[in-house]
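For reference, the structure is listed below as structure tokens.
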Amino acid sequence: MLFIWIFVTGYLHSVNGDNCRWTHTNTDMMVDCSGKGLTSIPRLNQSVTYLDISRNDIKALTGSSFDSLPEIRFLDISHCQLRDVDKGVFGELYNLQYLNISYNRELGFASLPNITFNLNQTKIESLDLNGINCATGIGTIIKRHHVKNIQMTSLKKLSLASNRLELFEPGVISVLPKTLQTLSLAENKLTSCAYIVEFYFLSSLTILNMSYQLHPPKFPQSILDLCFEKKEKDIISDNFQRNLSYRGFNFNWSMPFPPKLETLYAQSSRFLIKDPNFSIHAPSLKHVFLQDNFLLSLGEPVLAKGNRIESFDISNNFCSHWSKSILNAEHLTLLNFSHNDLSRDLEEDKGGEIFKTFIRLEVLDISFNKISSLPRLLLKNSRNLMYINASNNRMSTWMVDISHMFNLTFLDLSENKLSTLSIHTCKAIQRSINMTIDLSGNALACTCENQQFLNWMQKNKHHFQNIEHNTCNSKDLMFDFKKLDASLNWLQKRCASYLGWYIGCAFAIAVFFSSMIGVLLVKNKWKIRYMIYKSKQRFGLTAQCRHTSTSLQYEYDAFISYSGRELMFVLKEVIPRLEVNKNLKLLIKDRDALPGIPKVDNIMSSLQES
């Protein structure tokens, strides 16, 4: 008896929702029963407007499941292992605005007619049908009878993500509610087909999400997941005039978009495009996300007259070619080129033709493009740039002119091969008060030749982000950007110039030795001359004058050496006294020297003959 009483008490307790969390506001009574192990809808107060019973174990919904909730506006019954839903069970909730029945994998599209029956009698605005098919299996298809019950609703948001959805039966898209503003088809297996043209009939659609197509389910959970979604017998759809859907368009060349579409999510959707040659008609399109696809080459211009695209992301697309006139981008403010291979086109664009129409561009990402250098005038027309990301390339110099970009606040040049920055770039950075530059990951030149730039970095540290992460290209140096002031002092001492001292000392030494040599030459000039003469005489280079005696008998007794001012003294005093009185034979150069003989030779000959 005790066991029966405990069981009954627990059952009534769970049925009445006593374990749930209740929240009261001025206009709503909110009940959160998620994750409580419920097997049926609890009996709650009729004034409840918000009910979350997700992540329970509710296998089926009957016609009387929500009899006690006539005022419900928000209902979340996702992740409940739900398989059976009676016809019209939600159609009696006349105030219902939001319904989330996602990730009940065994419902299948076969349950949609029952789920959506009489929803046109409610105030439904948002319907989430994500993951109502098993995660594994062949592709699924939505047919017109699956969604015909919501055609006359005021639905604004419809989500069909993660359903292995591969195709739409012709006419499905065009019969969706005209009030629909947001449509999510993400995480499916969509195949590009004629149904794409039908999106044009969704006249109020502003957001279309077709991202993450053909992505496999998680492994190994997909192997262990035993899921059997509800199937239906083949139903032959009523006749549909297919030609009416496509007759007004040139399907081969024109891509019509919903007239109010503003945002297109198509990232990671396995699109394969190479040099497309088509036009698009999207007068309201502002944001396009095409990253992580296979847009291999965009060499042909895409005609998009009157487009107002503001953000365009084609990152990680293996793109190797971008036409200089691919798109008129007068309204573009964000462009992401990263993780592609556009180095050749960007490096060869000397006149700035690629960005010629990008006059309102504010954010540009060209990182991971294997760029070695960029021309100076590449961004000459993009005066409104605020953010430039050119990181993770192969640039050894930054030549792009940024002096006209007065709004530029961040320049990311990290992870390149830069060793310094040009004077023009430094001046442009210094002129901007709010500009920040990132040079981390570059091997800067910490040398005497680059000392001026390093000093400029130290004076303008507020312009640099992650300055302490910068490194030098020579690992053996003691330069450390974490201790920039001390490192600059060390470099200044290491690079101090002693050239003036070297020149002065060399000049003084040269003067000293020149003076010493001059003094020695003056003092020994006759010895030197004599040695020269004897050398010439030995090698037969002297002029032949008189016969030179080889015996000890000299022709003259003495050779008189004198200057021109002492000539009269020699004539009046020396000659009379020595030749007349003493009977000596003197050799007087002005009297006895032979004419035509060099003076030095005459002197040397006179020395030998006397």
- request: Could you tell me which residues satisfy side chain to side chain contact (heavy atoms under 4.5 Å, CB included) with D84, sequence neighbours excluded, listed by chain and number?
  value: A60, K230
[X] side chain to [Y] main-chain N or O, any donor-acceptor pair under 3.5 Å?
X: N389; Y: D365; value: no
X: N188; Y: R164; value: yes
X: N393; Y: I366; value: yes
X: K36; Y: D32; value: no
X: D86; Y: G63; value: yes
X: D28; Y: M30; value: no
X: N209; Y: S184; value: no
X: D52; Y: S54; value: yes
X: N104; Y: I132; value: no
X: T49; Y: M29; value: yes

How are the rings of [X] and [Y] set relative to one another: parallel (under 30°), tilted (30 to 60°) or perpendicular (over 60°)?
X: H24; Y: W22; result: parallel
X: Y195; Y: F168; result: tilted
X: Y50; Y: F74; result: parallel
X: W322; Y: F312; result: tilted
X: Y212; Y: H215; result: perpendicular
X: F368; Y: H339; result: parallel

query: Under a 4.0 Å N-O cut-off, is there an ion pair linking E229 with K231?
result: yes
query: Does a salt bridge link R83 with E106, judged by any charged N lying under 4.0 Å from a carboxylate O?
result: yes
- prompt: What about the rings of F294 and F318, do their centers lie closer together than 6.0 Å?
  reply: yes
- prompt: When you check the side-chain N and O atoms of Y387 and D412, is any donor under 3.5 Å from an acceptor?
  reply: no
query: Side chains of D292 and N316: do they bring a donor and an acceptor to under 3.5 Å?
result: yes
Measure the spacing between [atom1] of [X] and [atom2] of [Y] and express it to the nearest 0.5 Å.
X: S440; Y: Q465; atom1: OG; atom2: CD; result: 7.5 Å
X: R43; Y: L69; atom1: CZ; atom2: CG; result: 12.0 Å
X: S432; Y: M405; atom1: OG; atom2: CE; result: 12.0 Å
X: C319; Y: D341; atom1: SG; atom2: CG; result: 9.0 Å

More than 12 heavy atoms of other groups within 6.0 Å of [X] [atom1]:
X: F257; atom1: CZ; answer: yes
X: K148; atom1: NZ; answer: no
X: Q46; atom1: CD; answer: no
X: K87; atom1: NZ; answer: no

Restricting to non-hydrogen atoms, name the atom on [X] and the atom on [Y] that form the minimum distance, rounded to 0.1 Å.
X: G171; Y: E198; answer: N-OE2, 2.8 Å
X: N163; Y: L160; answer: ND2-O, 3.0 Å
X: M210; Y: Q213; answer: O-NE2, 3.2 Å

- prompt: Are M435 and F410 close enough that some pair of their side-chain heavy atoms sits under 4.5 Å apart?
  reply: no
- request: Taking the side chain as every heavy atom from C-beta outward, state whether L183 and I207 have any pair of such atoms under 4.5 Å apart.
  value: no
query: Do you know which of L127, T182, N100, N130 makes side chain to side chain contact (heavy atoms under 4.5 Å, CB included) with S159?
result: N130
message: Let's go through L185 and L165 carefully: what are the C-alpha distance in whole Å and the side-chain angles of both, what is the deciding distance for side-chain contact (heavy atoms from CB on, under 4.5 Å) to 0.1 Å, and is it a yes or a no?
response: CA-CA 8 Å; L185 304 173; L165 180 59; 4.2 Å; yes
